[in-house]
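Quick note: residue numbers are just sequence positions, from 1. From a predicted model like this one, the values you see are computed outputs, not experimental measurements.
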Amino acid sequence: MSVYSRLEAAPPDPILGVTEAYSADPSPDKVNLGVGIYLDETGQIPLLECVEAVEEELTARKRPRGYLPIDGMASFNRAVQVLVFGADSPAVTSGRVATVQSLAGTGALRVGAGLLALSSPGRTVLLSAPSWENHRLLFSRARFQIARYRYYDPVTRGVDHRGLIEDLSAAEPGTIVVLHACCHNPTGCDLTEVDWSQVIEVVQARGLVPFLDFAYQGFSRGVEPDRYGVDALVRVGVPFLVANSFSKNFSLYGERIGAIHFVTGSAAEAAIVDSQAKTVVRSLYSNPATQGAAIVSMILNSPARRAKWEAELRAMRHRIIDMRHAFRAGLAAAGVEEDLSYITSQTGMFSYSGLSIEQMRRLRSEFHVYGLDSGRLCMAALNPGNIERVVEAVGRVMVPA
């Protein structure tokens, strides 16, 4: 009997499965809106000019590739703290934040989950309904019980404000609550400032542990406005975690660069948390990668380079907004009579289109337009070359024959 004989085949990843089907489709008119990647107006992953310039400088230095410390590059960690919290944040200036470089956002979440498994074993993790599917997988593999809180309202195609607060209010003290800081994946429906105020009030009253996934900073309203939830939590002084990634906003997908931040009650507590977080990293992958950290560090630590990056990020954000407006206008012109305002009120890379699983499957089989069965479409994959084709296809499945 094989040591692997008790294993059963795992279900396919819903996103990767759509991409595989897209790749196998021979149609020259196919469009992939199932991707979780920002694509430029030509349908390609962009190489940011600020990144290209820094990479050329790094190549010219001919640096050795030694190990980084377990918690990562110090200049990177300091710069990322400023980006995520602000230079004047009392959590940063008091030394209450322990930051550890990670393998992108997924690695940040997993290190955070590993640390919480040491400090809070047996607790429940509350995920939004719906949420990024990998949230469920990585927290369950860290031996947490998974439950859901209401988040998306299919009738309004926005946040279920009442259900959200009711479910958080019913959570047991010590429950870990995963919140999307901005650009909710997969719905694109973000918490308002009023929502954040109510959520934080419940967090304090019930003794909950917020864990913010901050994978899309800069893709909603801007680098600083997008950290509203982070700032609000710092102001009330509760301990929480933030996982951030540079895959999207630096277009560094393959470099796997991110960070996990533990906001604690004191500098002494932050030192203890940092020491334990390093044991988690040591057991998972030992040391983080150098190239992505060097790129991000050099850009964020230079005012001129950072300004260049923010300008490029702003252009990416505005291109998505333009595609949302073109998509909405096109559907209206195609005869879709229902309220389409949700398309432009949602933020970030994704839109929960409201299309049924049957409509999504029809899009793939009849029109070669690929999205997830949930109805999630990637607005960042739309461009002038495919928008008319996508509008025609979606309009055909939305308008009764």
Colleague: For the backbone of Ile146 and the side chain of Arg136, can you confirm whether one donor and one acceptor N or O come within less than 3.5 Å of each other?
Modeller: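 Not confirmed, Arg136 side chain does not pair with Ile146 backbone.
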Colleague: Decide, yes or no, whether a salt bridge links Glu358 with Arg362 under the criterion of side-chain N to carboxylate O below 4.0 Å.
Modeller: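 Salt bridge flag = no for Arg362 with Glu358.
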Colleague: Does any non-hydrogen side-chain atom of Phe76 lie less than 4.5 Å from one of Phe246?
Modeller: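 Yes, close enough: below the 4.5 Å cut-off.
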Colleague: I'd like to know whether Val281 forms a side chain to side chain contact (heavy atoms under 4.5 Å, CB included) with Val100, so could you lay out the CA-CA distance, the side-chain angles of the two residues, the decisive distance to 0.1 Å, and finally the verdict.
Modeller: CA-CA 9 Å; Val281 171; Val100 174; 3.8 Å; yes
Colleague: I'd like to know if the side chain of Ser245 pairs up with that of Ser247 as donor and acceptor (distance under 3.5 Å, no hydrogens or angles considered).
Modeller: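 Their side chains do contain a donor-acceptor pair, which is all the 3.5 Å distance test asks for.
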Colleague: List the atom of Ala129, the atom of Arg148, and the distance in Å for their closest heavy-atom pair.
Modeller: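 Residues Ala129 and Arg148, closest heavy atoms: CB-CB, 4.2 Å.
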Colleague: With respect to Arg305, which candidate in Glu57, Glu49, Glu310 satisfies the salt bridge (Lys or Arg N to Asp or Glu O under 4.0 Å) definition?
Modeller: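 By the salt bridge (Lys or Arg N to Asp or Glu O under 4.0 Å) criterion, Arg305 pairs with just one of Glu57, Glu49, Glu310: Glu57.
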Colleague: Apply side chain to side chain contact (heavy atoms under 4.5 Å, CB included) to the pair Leu179 and Asp213, showing each step before the final yes or no.
Modeller: CA-CA 6 Å; Leu179 299 160; Asp213 188 340; over 6 Å; no
Colleague: Can you name the closest pair of heavy atoms from Phe350 and Pro186 and give their distance?
Modeller: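 For Phe350 and Pro186, the tightest heavy-atom pair comes out as CB-O, 3.6 Å.
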Colleague: Could you check if a side-chain atom of Val236 sits within less than 4.5 angstrom of a side-chain atom of Gln204, using non-hydrogen atoms only?
Modeller: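 Yes, at least one pair of side-chain atoms sits under 4.5 Å.
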Colleague: Between Gln291 and Arg63, is there a side-chain donor-acceptor contact under 3.5 Å, judged purely by atom types and distance?
Modeller: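 Yes - a donor-acceptor pair under 3.5 Å links their side chains.
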Colleague: Between the side chain of Glu312 and the main-chain N/O of Cys50, is any donor-acceptor distance below 3.5 Å?
Modeller: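 Flag set: sc Glu312 to bb Cys50 pair under 3.5 Å.
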Colleague: With heavy-atom distances below 4.5 Å as the criterion, would you say the side chains of Met323 and His318 are in contact?
Modeller: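 Of all side-chain heavy-atom pairs linking His318 with Met323, none is under 4.5 Å.
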Colleague: With sequence neighbours excluded, what pairs up with Tyr370 under the ring pair (Phe, Tyr, Trp, His ring centres under 6.0 Å) test?
Modeller: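 Tyr370 satisfies ring pair (Phe, Tyr, Trp, His ring centres under 6.0 Å) with Tyr22 only.
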Colleague: How close do Val18 and Gly34 get, counting heavy atoms only, and between which atoms?
Modeller: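 Nearest pair, atom of Val18 first, then Gly34: CG1-CA, 4.4 Å.
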Colleague: More than 12 heavy atoms of other residues, nucleotides or ligands under 6.0 Å from CD of Glu172: yes or no?
Modeller: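 Counting neighbours around CD of Glu172, 12 or fewer heavy atoms of other residues, nucleotides or ligands fall under 6.0 Å, so no.
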Colleague: Consider side chain to side chain contact (heavy atoms under 4.5 Å, CB included). Of Val125, Asn185, Val178, which one does His135 pass it with?
Modeller: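 Among Val125, Asn185, Val178, the one that satisfies the side chain to side chain contact (heavy atoms under 4.5 Å, CB included) with His135 is Val178.
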Colleague: Within this structure, what is the CZ-CG distance for the pair Arg324 and Asp322, rounded to the nearest 0.5 Å?
Modeller: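 CG of Asp322 is found 11.5 Å from CZ of Arg324.
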Colleague: Are more than 12 heavy atoms, taken from residues, nucleotides or ligands other than Arg141, located less than 6.0 Å from that residue's CZ atom?
Modeller: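 No, the 6.0 Å shell around CZ holds no more than 12 heavy atoms from other groups.
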Colleague: Looking only at heavy atoms, which two atoms of Ala117 and Ala142 are closest? And how far apart?
Modeller: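 Closest heavy-atom pair between Ala117 and Ala142: CB-O, 3.9 Å.
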Colleague: Could you walk me through whether Val80 and Asn77 pass side chain to side chain contact (heavy atoms under 4.5 Å, CB included), step by step?
Modeller: CA-CA 5 Å; Val80 177; Asn77 288 342; 5.8 Å; no
Colleague: Does Arg65 have more than 12 heavy atoms from other residues, nucleotides or ligands lying within 6.0 Å of its CZ?
Modeller: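 Yes.
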Colleague: Please verify the inter-ring angle class for Phe219 with Tyr216; under 30° counts as parallel, over 60° as perpendicular, anything in between as tilted.
Modeller: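 Rings of Phe219 and Tyr216: perpendicular, over 60°.
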Colleague: Do Val209 and Val203 pass the side chain to side chain contact (heavy atoms under 4.5 Å, CB included) test, and can you show the C-alpha distance, the side-chain angles, and the key distance before you say yes or no?
Modeller: CA-CA 7 Å; Val209 181; Val203 163; over 6 Å; no
Colleague: Is any side-chain heavy atom of Arg376 closer than 4.5 Å to one of Ile15?
Modeller: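 Side chain of Ile15 against side chain of Arg376, heavy atoms only: contact under 4.5 Å found.
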Colleague: Between His261 and Thr99, is there a side-chain donor-acceptor contact under 3.5 Å, judged purely by atom types and distance?
Modeller: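 Yes.
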Colleague: Any side-chain donor paired with an acceptor under 3.5 Å for Ser131 and His180?
Modeller: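 Checked: Ser131/His180 side chains pair up, N/O donor to acceptor below 3.5 Å.
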Colleague: So that I can tick it off, tell me whether Asp373 and Arg364 are bridged by a salt bridge, with the cut-off set at under 4.0 angstrom between side-chain N and carboxylate O.
Modeller: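 Looking at Asp373 together with Arg364, the answer is yes, because their closest N to O distance falls below 4.0 Å.
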Colleague: Quiz question: by atom type and distance under 3.5 Å, do the side chains of Ser27 and Asp29 form a donor-acceptor pair?
Modeller: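 No, because no side-chain N or O of Ser27 sits under 3.5 Å from a partner of the opposite role on Asp29.
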Colleague: Working to the nearest 0.5 angstrom, can you tell me the gap between Cys189 SG and Arg157 CZ?
Modeller: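 Atom-to-atom, Cys189:SG and Arg157:CZ are 10.5 Å apart.
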Colleague: Would you compute the distance between atom CD of Glu388 and atom CG of Leu382 and round it to the nearest 0.5 angstrom?
Modeller: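 So the CD of Glu388 and the CG of Leu382 are separated by 12.0 Å.
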Colleague: Are Val242 and Phe85 packed together at the side-chain level, in the sense that at least one heavy-atom pair is separated by less than 4.5 angstrom?
Modeller: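 Heavy-atom side-chain distance check passes, below 4.5 Å.
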Colleague: Do the ring planes of Tyr352 and Tyr152 sit parallel (below 30°), tilted (30 to 60°) or perpendicular (above 60°)?
Modeller: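 Plane angle over 60°, so perpendicular.
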Colleague: If we ignore hydrogens and angles and just use 3.5 Å, is the side chain of Gln81 paired with the main-chain N or O of Val97 as donor and acceptor?
Modeller: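 Side chain of Gln81 to backbone of Val97: a pair is present.
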Colleague: Any side-chain donor paired with an acceptor under 3.5 Å for Ser94 and Arg96?
Modeller: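 Side-chain D/A pair, Ser94 to Arg96: present.
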Colleague: Is there side-chain contact between Leu233 and Pro210, with heavy atoms separated by less than 4.5 Å?
Modeller: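 Yes, close enough: below the 4.5 Å cut-off.
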Colleague: Would you call Trp309 and Val223 a side-chain contact if the rule is heavy atoms closer than 4.5 Å?
Modeller: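 Yes, side chains in contact.
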Colleague: Please give me the minimum heavy-atom distance between Gln101 and Gly72, naming the atom from each residue.
Modeller: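 Minimum heavy-atom contact is OE1-CA, 3.3 Å.
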Colleague: Regarding Lys30 and Asp25, does a basic nitrogen lie under 4.0 Å from an acidic carboxylate oxygen?
Modeller: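 Result for this pair is no, no salt bridge flagged.
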Colleague: Take Asn301 and Arg78, measure what side-chain hydrogen bond (donor to acceptor under 3.5 Å, both in side chains) needs, and give me the verdict at the end.
Modeller: CA-CA 9 Å; Asn301 283 304; Arg78 288 194 299 270; over 6 Å; no
Colleague: Check whether the side chains of Thr344 and Arg328 place a donor and an acceptor atom closer than 3.5 Å, and report yes or no.
Modeller: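 Short answer, yes.
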Colleague: Can you see which heavy atom on Ala171 is nearest to which on Leu208, and at what distance?
Modeller: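 Residues Ala171 and Leu208, closest heavy atoms: CB-CD2, 3.9 Å.
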Colleague: How far does CG of Asp339 sit from OG of Ser345, to the nearest 0.5 angstrom?
Modeller: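 Those atoms lie 8.5 Å apart.
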Colleague: For Gln217 and Leu83, indicate whether the former's side chain and the latter's backbone hold a donor-acceptor pair under 3.5 Å.
Modeller: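 Judged by distance alone, yes, a pair lies under 3.5 Å.
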Colleague: Would you say the side-chain atoms of Thr347 pair up with the backbone N or O of Ser220, donor to acceptor, closer than 3.5 Å?
Modeller: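 Side chain of Thr347 to backbone of Ser220, a donor-acceptor pair under 3.5 Å: no, none is there.
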Colleague: Give a yes or no on whether the backbone of Lys248 and the side-chain of Ser251 come within a donor-acceptor separation of less than 3.5 Å.
Modeller: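 Pair absent, no side-chain N/O of Ser251 close to backbone of Lys248.
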Colleague: Roughly how far, to the nearest 0.5 Å, is the OG atom of Ser128 from the NE2 atom of His184?
Modeller: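 Spacing of NE2 (His184) from OG (Ser128) equals 3.0 Å.
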Colleague: Just by distance, with hydrogens left out, do Ser297 and Ser75 show a side-chain donor and acceptor under 3.5 Å apart?
Modeller: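 Short answer, yes.
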Colleague: For Gln346 and Ser351, does a side-chain donor sit closer than 3.5 Å to a side-chain acceptor?
Modeller: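 Distance-only check passes for Gln346 and Ser351.
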Colleague: State whether Tyr228 and Arg235 meet the cation-pi test: NZ (Lys) or CZ (Arg) under 6.0 Å from the six-membered ring centroid, and within 45° of the perpendicular axis.
Modeller: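 Flagged: Arg235 positioned over aromatic ring of Tyr228.
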Colleague: Does the side chain of Ile176 come within less than 4.5 Å of Leu126's, by heavy atoms?
Modeller: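 Not touching, per the 4.5 Å side-chain cut-off.
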Colleague: Distance-only check: which donor-acceptor pairs under 3.5 Å involve side-chain atoms of residues 35-42, not counting sequence neighbours?
Modeller:
residue : atom : partner : partner atom : Å
Tyr38   : OH   : Arg319  : NE           : 2.9
Asp40   : OD1  : Thr42   : N            : 2.8
Asp40   : OD1  : Thr42   : OG1          : 2.7
Asp40   : OD1  : Gly43   : N            : 3.1
Asp40   : OD1  : Gln44   : N            : 3.0

Colleague: Between Asp167 and Arg150 (side chain of the first, backbone of the second, donor and acceptor by atom type, cut-off under 3.5 Å), is there such a pair?
Modeller: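 Indeed, once roles are kept as given, a pair shorter than 3.5 Å links the two residues.
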